[in-house]
Engineer: 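Here you go, one structure.
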There are 2 protein chains.
Amino acid sequence: MARPFIPKPTDSELEILRILWDRGPSSVRDVHMELEKSKTSGYTTTLKLMQIMLEKGILTRDVSGRNHVYTPTLSRDRTQQQMVDKMISTVFNGSPFMLVMQALGRQRPSPEEINRIKSYLNELEKDRKDRPQEGKKK
Amino acid sequence: MARPFIPKPTDSELEILRILWDRGPSSVRDVHMELEKSKTSGYTTTLKLMQIMLEKGILTRDVSGRNHVYTPTLSRDRTQQQMVDKMISTVFNGSPFMLVMQALGRQRPSPEEINRIKSYLNELEKDRKDRPQEGKKK
DNA sequence: TTGTAGTTACGAATACATTCGTATATTTGT
DNA sequence: ACAAATATACGAATGTATTCGTAACTACAA
């Protein structure tokens, strides 16, 4: 049941993951009610998708109760990492920098966000000077 | 032949696009020779894929010469925009800021890149003060 | 206990992606 | 002009994603 690696989720599967990340562990019914707001497919379709995601190792489930409760195997953060990495290597020629510039250009960040990015950049600089080799801080 | 909209490229199609963006307009032979370095599939597979991409409107081609020469319909930059937008809305809860932070955390940017990001942020701030409504500058 | 509502399991239809074999067409060297 | 080499076009097999109908199961109320 433990898989060698978890395959990349499809677009439909990502919609379900998004709901589970937002809501926390949920039943098929819960997910489907949320999904209905943007899609027209039926309940058994949602069920089947989640069963397949279970097979793939994308979800785990708790079978003990009245109805099954599903949870994503990977955190949103972890999945973001994987997708960003893949995107950088395929579309951005391996340059995270280009992705950052592109994302900044998409929608203007708020003044507060700008400041948070700046202070993060400062930390990176400081870090680099302090410990040219290591990666960790604090 | 003009399509209402160009569909999102698949992973295989992205590999071909990457080559075309790097090389510029190319024949199937050119693309396939490049593709062979990382894949094992045959020449006619590459051909078929590029024909399908033509059908979808992802590529255009020049048929006048000895062999057909294909060109991406959308620039790398334009495609990057679309993919970044989609990613932000599906995985990053609609927040470009989160994507920026994630990308910065992936691989340490060089000091020069840090400076370029900073000066771009400064421009954004300046822009905002000068013209709180408009988007364009210069 | 039996029916009803709500659930999960399963099989199958459809659509799209990927792959290749083979047929057809075109260029070029002799 | 002909053969060999190289191109494109086409059809079909295979695999995966998406969808749903229907069967089987479960809890609960009457």
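Labels below follow one simple rule: chain letters A, B, ... track the order of the sequence lines, proteins then strands, and each chain is numbered from 1.
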Engineer: Report the residue (Arg61(B) or Thr10(A)) whose heavy-atom-nearest nucleotide on DNA chain D is the more 5′ of the two.
Structural biologist: Arg61(B)
Engineer: Considering only NZ, NE, NH1 and NH2 on the basic side and carboxylate oxygens on the acidic side, decide whether Lys39(A) and Glu15(A) come within less than 4.0 Å.
Structural biologist: yes
Engineer: Can you tell me how far P of dT8(C) sits from NE2 of His68(A), to the nearest Å?
Structural biologist: 6 Å
Engineer: Tell me, which of residues 31-41 of chain A have any heavy atom that sits under 4.0 Å from an atom in DNA chain D?
Structural biologist: Lys39(A), Ser41(A)
Engineer: Can you tell me how far P of dT8(C) sits from CG of Leu49(A), to the nearest Å?
Structural biologist: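 These atoms are roughly 14 Å apart.
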Engineer: Whole Å only: how far is the CG atom of Leu54(B) from the P atom of dA7(D)?
Structural biologist: 18 Å
Engineer: Can you see if the side chain of Tyr43(A) gets near the phosphate of dT8(C) - specifically, an N or O under 4.0 Å from OP1 or OP2?
Structural biologist: yes
Engineer: Just call it for Glu13(A): base, sugar-phosphate, or nothing, with non-hydrogen atoms closer than 4.0 Å on any strand.
Structural biologist: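 It contacts nothing in the nucleic acid.
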Engineer: Considering only heavy atoms, which members of residues 80-91 of chain B lie under 4.0 Å from some atom of DNA chain C?
Structural biologist: none
Engineer: Look at the side chain of Asn93(A) and the backbone N and O of Ser95(A), then say whether any donor-acceptor pair between them is shorter than 3.5 Å.
Structural biologist: no
Engineer: Given dA17(D), is OP1 or OP2 found less than 4.0 Å from the side-chain N or O atoms of Ser12(A)?
Structural biologist: no
Engineer: Applying salt bridge (charged side-chain N to carboxylate O under 4.0 Å, His left out), run through Glu13(B) and Lys8(B) and close with a yes or a no.
Structural biologist: CA-CA 9 Å; Glu13(B) 289 169 349; Lys8(B) 173 166 85 68; over 6 Å; no
Engineer: Glu125(B) vs Lys118(A), test: salt bridge (charged side-chain N to carboxylate O under 4.0 Å, His left out). Steps then yes/no.
Structural biologist: CA-CA 12 Å; Glu125(B) 277 178 328; Lys118(A) 277 184 174 176; 2.9 Å; yes
Engineer: Looking only at heavy atoms, what is the nearest atom pair of Thr73(B) and Gly57(B), with distance?
Structural biologist: OG1-O, 2.7 Å
Engineer: Measure from the side chain of Thr44(A), starting at C-beta and using heavy atoms only, and say which of dA17(C), dC20(D), dG21(C) lies closest.
Structural biologist: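 Of the candidates, dC20(D) comes closest.
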Engineer: Which atoms form the tightest heavy-atom contact between Gly105(B) and Tyr120(A), and what is the distance?
Structural biologist: CA-OH, 3.7 Å
Engineer: Provide, to the nearest angstrom, the distance between the CG atom belonging to Leu47(B) and the C1' atom belonging to dT6(D).
Structural biologist: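 After rounding, the gap between these two atoms is 12 Å.
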Engineer: Closest approach of Gln80(A) and Val91(B), non-hydrogen atoms and distance?
Structural biologist: NE2-O, 3.1 Å
Engineer: Grab the CG-P distance between Leu14(B) and dA17(C) for me, whole Å please.
Structural biologist: 13 Å
Engineer: Taking only side-chain N and O atoms of Gln51(A), does any of them lie within less than 4.0 angstrom of OP1 or OP2 on dA9(C)?
Structural biologist: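 So the side-chain polar atoms of Gln51(A) do come within 4.0 Å of the phosphate oxygens OP1 or OP2 of dA9(C), strictly under.
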Engineer: Tell me the interatomic distance from Arg66(B), atom CZ, to dG29(C), atom C1', rounded to whole angstroms.
Structural biologist: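 Whole-Å distance recorded here is 13 Å.
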Engineer: Would you say Arg29(B) places a side-chain N or O within less than 4.0 Å of OP1 or OP2 belonging to dT6(D)?
Structural biologist: no
Engineer: Please confirm whether Arg29(A) makes a cation-pi placement over Tyr43(A), using NZ or CZ under 6.0 Å from the six-membered ring centre and within 45° of the ring normal.
Structural biologist: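 Yes, a cation-pi geometry.
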Engineer: CE of Met53(A) versus P of dT16(D): gap in Å, rounded?
Structural biologist: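 Distance check: Met53(A) CE to dT16(D) P gives 17 Å.
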Engineer: Does Val31(A) share a hydrophobic cluster with Val69(A), counting links as ILVMFWY side-chain heavy atoms below 4.5 Å and allowing steps through other members?
Structural biologist: no
Engineer: Using whole Å, report how far CG of Asp11(B) lies from P of dC16(C).
Structural biologist: 18 Å
Engineer: At under 4.0 Å, does any side-chain N or O of Lys48(A) touch on OP1 or OP2 of dT16(D)?
Structural biologist: no
Engineer: Do we see a donor-acceptor contact under 3.5 Å between the side chains of Arg23(B) and Ser26(B)?
Structural biologist: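 Looking only at side-chain atoms, Ser26(B) and Arg23(B) do form a donor-acceptor pair, the distance falling under 3.5 Å.
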